[in-house]
Amino acid sequence: MTYHPKSDFMSVMIERGYLADCTDYQGLDEALSRGVVPAYIGYDATAASLHVGHLLNVMMLRWLQKTGHKPITLMGGGTTKVGDPSFRSDERPLLGPDQIASNIAGMQKVFARYLSYGEGPTDALMLDNAEWLDNLNYLEFLRDIGRHFSVNRMLSFESVKSRIDREQSLSFLEFNYMVLQAYDFLELNRRYGCVLQMGGSDQWGNIVNGIDLTRRVLDHEIYGLTSPLLTTSDGRKMGKSAGGAVWLNEDMLSPYEFWQFWRNTTDADVGRFLKLYTELPVAECERLGALSGSEINEAKIVLADEVTALLHGREAAETAKATAREVFEKGGVGDDLPTLTLTEAEVAEGISVVQLIVRAGLAASGKEAKRLISDNGARLDDAPLTDAGLMIDRAALTAPIKLSAGKKRHALVRLG
């Protein structure tokens, strides 16, 4: 990247590592320098919460607002009914309107932590594409919008080609998704003056489609900007942990578990993640990322503190850090650990420790829990757990018990 931007936003994108590609660096930079630029990222409502994989783009919207521009969070109340086929090996399960509405409500909680919504020129807008997609007239849409799309070109996009090359079915329903997403950009430009769409680099083809369509229909100059698809230094997809997705909603993942996810960052990723997921100055991110030996652990704690404070508040970050210290340094139980609460009826006949490990989220299956025990990776109240057939009864739960998987993952089990 040899381009030297004039605008604060483009400077941040390049300096902190957010930028993978842009349809017109200079044109966008000049637009950002001239005045307030409304920009959007779309989020399909496929789950009740955003997860860590979304956080990079949420931070891009936050920086957009901090540098004097207008973020638009577009909820896919309409497009979720079709499902994005990009780089998927199978078709998404289709959701009903009630589930979609419920998921949108869950996802909106997170955006309010990162963005300031309101009526001002740089206040964020929360929109739903069902507003213009739900009542489309199919024949009019085909005639007015469909005629601008080349099927040959759509087949050349990597996200489509990868499915066809593997001879996996791509339904007509899914093929329409990229037309609808392109139409979103057109409508946002027409209704709200939006001139920039951002997204992960897997969205490049969809973004380019929207730009082409808007130029053809409205003759407006608009732009696209993508972020890198992040993997950790050991090759894992960002946002996945041993226990599954790292959710951003507190009711789906406790602040302690969220803090712990970042504390467990691989040494090689610390500097990069500090730049992407915190607002610490770049020089400080680089200084912390360059630490080695035991000192890098202090940098990981700073990372965990800063990311958790942005999402859950500074107090929650401090509580999570205190709990971690109590659990790891003092061998204590820690009141803020993820907790599995059992009823009297569940323990009347006794309950297997394997079942408890799975239900506490420390293993994905009974088979995995048994392997954890046989590999000496499980502990019960900090003592090695060696008997996979152990039953836990009412008497064993007069006080909460602590289960551990490895050195870093813990849960409490108590009676309700």
Side-chain angles (χ1 to χ4, degrees), residues 1-22 25 51-64 66-67 114 198 200-201 225-242 246 248 255-314 316-325 327-329 406-409:
M1 168 56 61
T2 53
Y3 183 71
H4 297 292
K6 294 183 285 188
S7 66
D8 290 344
F9 178 67
M10 286 294 270
S11 297
V12 169
M13 290 299 98
I14 292 168
E15 193 177 25
R16 299 189 80 97
Y18 289 105
L19 187 59
D21 216 338
C22 181
Y25 292 99
H51 55 71
V52 160
H54 293 112
L55 199 48
L56 183 91
N57 285 341
V58 175
M59 288 297 293
M60 289 167 74
L61 289 172
R62 183 175 168 88
W63 280 112
L64 184 87
K66 282 170 72 81
T67 53
Y114 290 89
M198 301 189 292
S201 55
L225 183 153
T226 58
S227 60
L229 288 183
L230 274 200
T231 53
T232 56
S233 59
D234 53 6
R236 285 179 298 118
K237 191 174 177 183
M238 183 60 189
K240 299 287 184 186
S241 74
V246 181
L248 303 187
Y256 169 78
E257 289 171 286
F258 183 76
W259 187 94
Q260 197 62 49
F261 169 79
W262 295 99
R263 169 63 183 82
N264 292 340
T265 295
T266 309
D267 293 4
D269 291 325
V270 174
R272 182 170 58 134
F273 287 0
L274 281 162
K275 285 187 207 173
L276 293 171
Y277 296 106
T278 81
E279 293 174 335
L280 293 176
V282 170
E284 177 66 358
C285 296
E286 288 172 349
R287 183 191 73 78
L288 288 165
L291 296 173
S292 57
S294 61
E295 285 187 322
I296 195 70
N297 289 328
E298 292 308 310
K300 291 179 187 181
I301 288 170
V302 171
L303 173 67
D305 282 353
E306 293 301 313
V307 182
T308 306
L310 275 175
L311 176 61
H312 295 298
R314 186 64 64 183
E318 291 301 324
T319 302
K321 180 161 60 175
T323 299
R325 194 177 296 123
V327 170
F328 301 126
E329 294 175 14
K407 294 179 180 177
K408 296 177 178 176
R409 297 172 59 231

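In what follows, residues are counted from 1 in the order of the sequence shown.
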Answer whether the closest heavy-atom distance between the side chains of [X] and [Y] falls below 4.5 Å.
| X | Y | answer |
| --- | --- | --- |
| L225 | D21 | no |
| M59 | R16 | no |
| F258 | V52 | yes |
| E279 | L310 | yes |
| P255 | T319 | no |

Return yes if some donor-acceptor pair links the side-chain N/O of [X] with the main-chain N/O of [Y] below 3.5 Å, else return no.
| X | Y | answer |
| --- | --- | --- |
| T67 | L64 | yes |
| R263 | A304 | no |
| K275 | V282 | no |

Can you tell me how far [atom2] of [Y] sits from [atom1] of [X], rounded to the nearest 0.5 angstrom?
| X | Y | atom1 | atom2 | answer |
| --- | --- | --- | --- | --- |
| L230 | L56 | CG | CG | 5.0 Å |
| E284 | E286 | CD | CD | 10.5 Å |
| N297 | D267 | CG | CG | 7.0 Å |
| T308 | E257 | OG1 | CD | 11.5 Å |
| K6 | S11 | NZ | OG | 11.5 Å |
| C22 | M13 | SG | CE | 11.5 Å |

Can you sort out the partners of E298 under side-chain hydrogen bond (donor to acceptor under 3.5 Å, both in side chains), two or more places apart, ordered by chain and number?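 E298: no side-chain hydrogen bond (donor to acceptor under 3.5 Å, both in side chains) contacts found.
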Applying side-chain hydrogen bond (donor to acceptor under 3.5 Å, both in side chains), name anything that partners N264, two or more places apart in sequence or on another chain.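 With neighbours one apart ignored, the set is Q260.
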Minimum heavy-atom separation for [X] and [Y], please, with both atom names.
| X | Y | value |
| --- | --- | --- |
| A324 | W259 | CB-CZ3, 3.4 Å |
| S201 | T226 | CA-CB, 3.8 Å |
| V270 | A299 | CG1-CB, 3.8 Å |
| L248 | L311 | O-CD2, 3.4 Å |
| K321 | I301 | CD-CG2, 3.6 Å |
| L280 | L274 | CD1-CD2, 4.0 Å |

Please work out whether the ring planes of W262 and F273 are parallel, tilted or perpendicular, with thresholds of 30° and 60°.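 Rings of W262 and F273: perpendicular, as their planes differ by over 60°.
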Assess whether side chain to side chain contact (heavy atoms under 4.5 Å, CB included) is satisfied between D8 and K66, documenting all intermediate values. CA-CA 9 Å; D8 290 344; K66 282 170 72 81; over 6 Å; no
List the steps, then state whether side chain to side chain contact (heavy atoms under 4.5 Å, CB included) holds for F261 with V307. CA-CA 10 Å; F261 169 79; V307 182; over 6 Å; no
R314 vs E306, salt bridge (charged side-chain N to carboxylate O under 4.0 Å, His left out): CA-CA, chis, key distance, verdict: CA-CA 8 Å; R314 186 64 64 183; E306 293 301 313; 3.2 Å; yes
V246 and L55: side chain to side chain contact (heavy atoms under 4.5 Å, CB included), yes or no, with the steps? CA-CA 10 Å; V246 181; L55 199 48; over 6 Å; no
